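First up is the structure itself, then whatever we jot down about it.
In this text, all values refer to a predicted model and were calculated from it rather than measured experimentally. Scope of the values below: all heavy atoms of this structure, side chains included, with no hydrogens, waters or symmetry mates.
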Amino acid sequence: MHVVDAVTTVERCRALVAVAFPGIDVGRVAPLGAGWDGTAFTVGDRLVFRFPRRAEVAARLRVEVALLAELGPALPLPVPRPDHVAPGALDFPWTFAGYPLLRGVPLDAVALDDPAIGRVADDLGRFLAALHRFPADRAAALGVPAFTPERWVERTAALWERALPVVAVRLGDERAARLDGAWRARLADRRLLDFTPVLVHGDLALEHVLVDPESGRVGGVIDFTDAMVADPALDYAGLPEALARRVQAASGESGGASFWARWAFCRAATPLHAVLAGRQLGRDDLLEEGLARLDRQAAGGG
């Protein structure tokens, strides 16, 4: 997919921030990370600026900014507080935003022994309980995508239909047919409809949870660009099962008898996003990662 002037260098970040926010000292700028949807830089060792890679991501960033302004005070853990928002600058056409740097290291860089799992689980459990209590209708009014249970399952069905031709070409007709049968059976499971939609983070993967390496406590949760009103099980699907079960217990959310079936459904759908994003963005690494996980599903490995 064509990307318009993505911000990928320190020099480009420095120039855009300097023009949009002349009061900010941009003498010290460093890359922080790059994801499917954008790139991030630290500015002056105290701010983070995020730049979208595509127009639709910029639109989601604007929704994220509006949501976090109301959501942040209701949460028991720090989240980004975007207080520097620009509608574009120079020849960069899309909204970008900056917020005070949250301290900590990503959870995927921390050894999750039993004591660490307990501390992280307690913190994330409180966080998710508060997040899921935020009024869903208010989140929708702020522009967050909202799904009924039926539309939620239909969304995943559409993802599979889009991924299937790629799977057939790359994995072969036999494995594609086996996966197709498995996915059709999975999508027909009525337990997938057994939830009340709530506001979810939407991409609560380990890299979006920041941990203080000394105390082992969660120091913040980042990247709400994929926030939506949907199945609360989605917010546990990016966590390893042992941690997900501890977090769910700490949250006090029962989720009902169908919870872990819905959790497994959300986890199974993760490689579909990687396949489609890899194809859309020309990222062979994402494409191959998603295909490898689907191949394991075809072999019965989940």
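Cation-pi geometry between R262 and F195 is not met: the NZ or CZ atom fails to fall both under 6.0 Å from the ring centre and inside 45° of the normal.
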#### Entry: Stepwise salt bridge (charged side-chain N to carboxylate O under 4.0 Å, His left out) test for R190 and D194
CA-CA 7 Å; R190 299 296 296 177; D194 182 28; over 6 Å; no
### Task
Let me see the working for F41 and V17 under side-chain contact (heavy atoms from CB on, under 4.5 Å), right down to the final yes or no.
CA-CA 11 Å; F41 299 83; V17 173; over 6 Å; no
### Message
Applying side-chain hydrogen bond (donor to acceptor under 3.5 Å, both in side chains) to T156 and R186, what does each step give before you reach the verdict?
### Response
CA-CA 11 Å; T156 306; R186 183 180 285 127; over 6 Å; no
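Annotation for R217: atom CZ counts as buried by contact number, over 12 foreign heavy atoms lying within 6.0 Å. Within a 6.0 Å radius of CZ in R28, other residues, nucleotides and ligands contribute 12 heavy atoms or fewer.
Applying salt bridge (Lys or Arg N to Asp or Glu O under 4.0 Å) to D37 and the options R54, R53, R283 leaves one that passes, R54. When each of R50, R60, H201 is tested with T225 by the rule side-chain hydrogen bond (donor to acceptor under 3.5 Å, both in side chains), just one qualifies, namely R50.
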Please tabulate, one pair per line, all N/O donor-acceptor pairs under 3.5 Å involving side-chain atoms of residues 71-83, not counting sequence neighbours.
from : atom 1 : to  : atom 2 : distance (Å)
R81  : NH1    : D83 : OD2    : 2.9

Per-pair distances, 0.1 Å, donor-acceptor, side chain in residues 164-177, under 3.5 Å, sequence neighbours excluded:
from : atom 1 : to   : atom 2 : distance (Å)
R170 : NH2    : E288 : OE2    : 2.0
E174 : OE2    : R178 : NH2    : 3.2
R175 : NE     : L171 : O      : 3.0
R175 : NH1    : D295 : OD1    : 2.8
R175 : NH1    : D295 : OD2    : 3.0
R175 : NH2    : L171 : O      : 3.0

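Of all non-hydrogen atoms in F92 and P52, the two that sit nearest each other are CZ-O, 3.7 Å. Counting all heavy atoms, side chain and backbone alike, R184 lies closest to E161 at NH2-OE2, 3.2 Å. The two atoms that bring A227 and L67 nearest to each other are CB-CD2, 3.8 Å, heavy atoms only.
R191 CZ to F259 CZ: the interatomic distance, rounded to the nearest 0.5 Å, is 13.5 Å.
The other residues sharing a hydrophobic cluster with I222 are L32, V48, Y99, L101, L102, L210, where clustering joins ILVMFWY side chains under 4.5 Å apart.
Between F21 and H84, the angle of the ring planes goes over 60°, which puts this pair in the perpendicular group of the 30/60° scheme.
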